[in-house]
Amino acid sequence: GLSRQTHAHRFGRDHCDLADQFSGYGATRRVPLGELCAPLGIPVKTSTHGSDVGALWRAGQVDAIRRYVEEDVVATYALWLHWVAFRANDERKFAEPLSDLARWLEQDENLTHLRPFATCSPALRARPAALFHRVDEALATAE
């Protein structure tokens, strides 16, 4: 469905381009994903790098490309959760989804290559915070 998204929607409410957000819509240079994730403790580019994809494709290593893309997607999602929580000044927007993601990555045997995301420092911080928020919400609901 992305082909139906016109350029005008790029700046709409339903879209967030993190590269635009972190560069001030071009006011500064675009910062690579790795440079944004490193200070937050989010693992990124652990198996390969984007510049290696062409050679991997020519060598028929499609699984290596798939793993790289999956790592990139999870790193981008974790970064996006940080951004959303920061903008809303709401730790819950970061803690609960990241805690759920970490639990899923640990349980699914097909995702063992993504387990570093379940044990990275943001995920380790998210778990007790998510539990606190969920217990707090349950108590408020019970009252």
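Excluded from the calculations below are hydrogen atoms, water molecules and symmetry mates; all remaining heavy atoms, backbone and side chain alike, are included. The residues of the chain are indexed from 1 along the displayed sequence.
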- Query: Can you check side-chain contact (heavy atoms from CB on, under 4.5 Å) on Phe86 and Phe94, steps first, answer last?
  - Reply: CA-CA 9 Å; Phe86 177 78; Phe94 157 80; over 6 Å; no
- Message: Show, in sequence, the C-alpha distance, side-chain angles and deciding distance for Gln21 and Arg87, and conclude whether the side-chain contact (heavy atoms from CB on, under 4.5 Å) test is met.
- Response: CA-CA 11 Å; Gln21 294 298 322; Arg87 291 214 19 162; 3.9 Å; yes
- side chain to side chain donor-acceptor pair (under 3.5 Å) evaluation trace for Glu96 with His133: CA-CA 8 Å; Glu96 292 179 7; His133 290 299; 5.5 Å; no
- Run the salt bridge (Lys or Arg N to Asp or Glu O under 4.0 Å) check on Arg29 and Glu35 step by step: do they pass? CA-CA 12 Å; Arg29 74 173 178 85; Glu35 286 184 34; 3.0 Å; yes
- Task: Before giving the answer on side-chain contact (heavy atoms from CB on, under 4.5 Å), spell out for Asp20 and Arg30 the whole-Å C-alpha distance, their side-chain angles and the decisive distance to 0.1 Å.
- Result: CA-CA 7 Å; Asp20 281 340; Arg30 287 187 174 226; 2.6 Å; yes
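Taken from CH2 in Trp104 to CG in Leu114, the straight-line distance is 7.5 Å, to the nearest 0.5 Å. Distance CD/Glu106 to CZ/Phe117: 13.5 Å, rounded to 0.5 Å. To the nearest 0.5 angstrom, Leu56 atom CG is 13.0 Å from Arg66 atom CZ. In this structure, CD1 on Ile42 lies 13.5 Å from CD on Glu71, to the nearest 0.5 angstrom. Atoms CG and CH2, on Leu18 and Trp83 in that order, are 7.0 Å from each other to the nearest 0.5 Å. To the nearest 0.5 angstrom, Thr48 atom OG1 is 8.5 Å from Ile65 atom CD1.
When all heavy atoms are compared, the tightest approach of Leu98 to Leu81 is N-CD1, 3.9 Å. The shortest non-hydrogen separation linking Leu79 to Leu40 is CD1-CD1, 3.6 Å. The minimum heavy-atom distance between Gly41 and Cys120, with the atom names listed, is O-CB, 3.3 Å. The shortest heavy-atom contact between Ala75 and Cys37 is O-SG, 4.1 Å. Minimum heavy-atom separation, Ala130 to Ser99: CB-CB, 3.6 Å. In terms of heavy atoms, Arg134 sits closest to Arg103 at NH1-NH2, 4.3 Å.
If you chain together hydrophobic residues whose side chains sit under 4.5 Å apart, Tyr68 and Leu111 never meet in one group. Linking Ile, Leu, Val, Met, Phe, Trp and Tyr whenever their side-chain heavy atoms come within less than 4.5 Å puts Val84 and Leu101 in one cluster. Transitive grouping of hydrophobic side chains (ILVMFWY, heavy atoms separated by less than 4.5 Å) keeps Val73 and Leu33 in distinct clusters.
Shown here is Trp80, whose CH2 atom has no more than 12 heavy atoms of other residues, nucleotides or ligands within 6.0 Å.
With respect to Glu70 and Arg115, no salt bridge is recorded, no charged nitrogen being found less than 4.0 Å from a carboxylate O.
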